[in-house]
Trainee: 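Provided herewith is a single structure, encoded as structure tokens, for subsequent inquiry.
Numbering of residues begins at 1 and proceeds along the displayed sequence.
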Amino acid sequence: MRAVVFVTEQTSKGTERSPQEYVDPLLVRTGEAYARLTFEELHRHLCDALRDYGPQRHSRD
């Protein structure tokens, strides 16, 4: 399974390594981890990531 990447409208796309990568995505999960999440868990992770979103935010794995 591939990774699942959540971004905002402001997320920049394109890195030195790949033009298809996002520079600082909101939330990234492996395909396996995403498949195990319930909707409620996913919603909580996204809400937490959005609350933390800003210039000092770090990506979560």
Side-chain angles (χ1 to χ4, degrees):
M1 295 185 132
R2 294 181 181 222
V4 179
V5 180
F6 295 88
V7 299
T8 68
E9 291 178 5
Q10 292 79 30
T11 304
S12 298
K13 189 173 184 179
T15 65
E16 272 187 39
R17 189 171 80 169
S18 171
Q20 293 183 343
E21 281 184 334
Y22 287 96
V23 175
D24 192 19
L26 181 64
L27 185 68
V28 178
R29 293 292 180 259
T30 64
E32 185 178 313
Y34 177 76
R36 288 192 311 259
L37 285 174
T38 65
F39 178 80
E40 290 80 12
E41 291 170 324
L42 176 60
H43 184 262
R44 182 173 40 81
H45 288 289
L46 286 169
C47 287
D48 290 347
L50 284 167
R51 272 191 285 282
D52 294 344
Y53 189 73
Q56 301 300 322
R57 187 186 62 81
H58 300 281
S59 296
R60 295 179 178 194
D61 295 304

Trainee: Just jot down the side chain to side chain donor-acceptor pair (under 3.5 Å) partners of E41, sequence neighbours excluded, or say none.
Mentor: T38
Trainee: Does E32 have any side chain to side chain donor-acceptor pair (under 3.5 Å) partners at least two apart in sequence or in another chain, and if so, which?
Mentor: R36
Trainee: Looking only at non-hydrogen atoms, find the nearest pair between K13 and Q20 and report the distance.
Mentor: CE-O, 3.5 Å
Trainee: What heavy-atom pair brings L46 and L26 nearest, and what distance separates the two atoms?
Mentor: CD2-CD2, 4.4 Å
Trainee: Looking only at heavy atoms, which two atoms of P25 and V5 are closest? And how far apart?
Mentor: CB-CG1, 3.5 Å
Trainee: Once rounded to the nearest 0.5 Å, what's the spacing between atom CG of L42 and atom CG of L27?
Mentor: 7.0 Å
Trainee: Got a sec, which residues hit side chain to side chain donor-acceptor pair (under 3.5 Å) with T15, two or more places apart in sequence or on another chain?
Mentor: E21
Trainee: State which residues pass side-chain contact (heavy atoms from CB on, under 4.5 Å) with V4; sequence neighbours excluded, sorted by chain then number.
Mentor: F6, Y34
Trainee: Can you list the residues that meet the side chain to side chain donor-acceptor pair (under 3.5 Å) rule with S12, with sequence neighbours excluded?
Mentor: none
